[in-house]
Amino acid sequence: MSTEACLAELKGVRKRFGSLVALDGLDLEVRQGELLAVLGPNGAGKTTAISLMLGLRRPDSGTARLFGQSPLLVEARRQVGVMMQEVTLAPELRVREQIDLVASYYPDPLAPEAVMELTHTTPLARRPYGKLSNGQKRQVQFGMALCGRPKLLFLDEPTVGLDIQSREMLWGALRKLVDDGASIVLTTHYLEEAEALADRVVVLAKGRVIASGSVSEMRALVVRTRIRCLTTLAVDEVMNWPGVGSVSRDRERLEITATNAEAVVRQLLAADEDLQELEVRRAGLAEVFTELTQETAQ
Amino acid sequence: MSATPATMSTRRLLRAYWMEARYESIRMLRMPGFAGPFLALPVLLYLLFGVFMYGDALRGDPKGALFVFMGFSIFGVMGPGMFGFGIPIAMEREQGLYQLKRALPMPRLAPLLAKMLMAMLFVAIIMVTMFVAAPFGHMRLSAGQILSLSVGNILGAAPFCALGLVIGTLTTAKSAPAFVNLLYLPMIYLSGFLIPLPKSLQWIALVSPAYHLDQLALAAIGAPSQGPNAIHVAVLVGVTLAPTLLAIRRLARVG
């Protein structure tokens, strides 16, 4: 298998729910050893895309493949771990039992004890699932996703409801999984999650890919920089400078978006000697993301 | 990358079925409020009607005693399959659990087989309670009769599992109990096994699997029954297979 081997792919996939077009000719592939973050606003088609890759739904047209096979085949899914967004597991079963049951579906799973250690759930082993906090439930679900030693993990919004500590734990575990050769598909609303973890980012809007690339490539798509400072300079004056996109004032603070930050900063310092608290920041994924999805909406 | 084999050894596969059945029964044991009523109701009603209310009348009426005993036995066979399948399947579908298991490499039939074994185990328990209560209702059964009636009724749970399954597959968690009752209650009253039907209505019983199971159960203990056994078996097998195939197909496609 080449290093660029494709573990899961959607090709030209269309999917409608009644009059709603969920996926509109979507192409998406998950490559060997990468952590792919799928971003997009609610209703962009992220969960639908994953459910097609897992064989939970069938495309109206186009193809879905998992390890080169139909995702409907159990052989394909034996190499996959899954954590879904909205699922209520049997509340009567204890944590260890939940993991033990899911592990039994796989040919060569980890022992439940090893899974609980990896996900820091060992102290919960004998607790009924229904008595856990939401964050603890997510941790257990994460354990269920990795108990089968999957080559590919699908995680739909894995850190929703987690406290910072558990989130760090999960992030650490994900990095380790990728280091050990697994591939991961992660949908998320938290952009810092994509920034912290992803090798590649795909942005979906209205069932199509509107951008994809590495985190820095995505940022480069929108070259603007954000400049903030305390100054007496007028909005109208700065507005006319070359390289300035937009200017707004928030009390004494001026906020400028610029395509050529260095030139604008030089001019700012020259024009106002009393200028204070200068901040220059590259647009984060959040700004890029908002801008991209707004462009599609227009 | 370590090459995880995508094929399962037969031993692992059987273990997956076993684990599903094991945890299904553990779940049921931890929810006595769910299983309790349909486990206890048949024998309690039998004691109420067959012993306390009409016990004296049935003393010299072996036909009547047999009718009441068989009626509540068949009533006991129906519950675990129809309720034990219909309601949990609808709930698990709605709560995303079934969806998750479909995404996971769960053997497709494992949860259905687990629930069916569970229902059959419940019928076995119900039959034990009925056999214990039988002498109080003036029923005398030989060991052979007990054995053949048990086997017949345990296998007889299958068509009711299938009906519960198809209801659970097509309804929501909230509406499932109503739809199960919509089938369950008329079947109790219109199959002639608990309340004799007037001649003009007896044809209705022919469409009910409960009627056919009642006749087979009577034949199993050597009591007079109506109609050929082959027909009864054919109806019960048909009522088992058709809804099951329909449900499996829908569960695979829609979940």
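Just so you know, these numbers come straight off a predicted model, no measurement behind them. Chain naming here is simple, since letters A, B, ... match the order of the sequence lines and numbering starts at 1 in each.
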With only heavy atoms counted, which part of B:E20 is less than 4.5 Å from chain A, the side chain, the backbone, both or neither? both

Compute the ring centroids of B:F83 and B:Y184, then answer whether they are less than 6.0 Å apart. yes

Select one option (side chain, backbone, both, neither) describing which atoms of A:A145 are under 4.5 Å from chain B's heavy atoms. neither

Under-4.0 Å salt bridge between B:E24 and B:R22: no

Between A:V102, A:V80, A:V74, A:L93, which shows the greatest number of heavy-atom pairs under 4.5 Å with chain B? A:L93

Does a sphere of radius 6.0 Å around CZ in B:F136 hold more than 12 heavy atoms from other residues, nucleotides or ligands, not counting ones at 6.0 Å or beyond? no

Sort out for me which of A:R57, A:E92, A:M53 touches chain B most, counting heavy-atom pairs under 4.5 Å. A:E92

Pick one of side chain, backbone, both or neither for B:L13, based on which atoms fall under 4.5 Å of a heavy atom in chain A. side chain

Please rank B:R102, B:M19, B:E92, B:K101 by heavy-atom pairs under 4.5 Å with chain A and give me the top one. B:R102

So what's closer than 4.5 Å to chain B heavy atoms on A:E75: side chain, backbone, both or neither? both

Between A:K11 and A:E29, is there a side-chain N and carboxylate O pair less than 4.0 Å apart? no

Kindly indicate, with the supporting measurements, whether the criterion salt bridge (charged side-chain N to carboxylate O under 4.0 Å, His left out) is fulfilled by A:E9 and A:R65. CA-CA 5 Å; A:E9 73 175 331; A:R65 312 286 289 171; 5.7 Å; no

Which residue, A:L174, A:L39, A:V38, A:I50, forms the side-chain contact (heavy atoms from CB on, under 4.5 Å) with A:L186? A:L174

Taking side chain as everything from C-beta outward and backbone as N, CA, C, O, which of these in B:M31 sits under 4.5 Å from a heavy atom of chain A? Side chain, backbone, both or neither. side chain

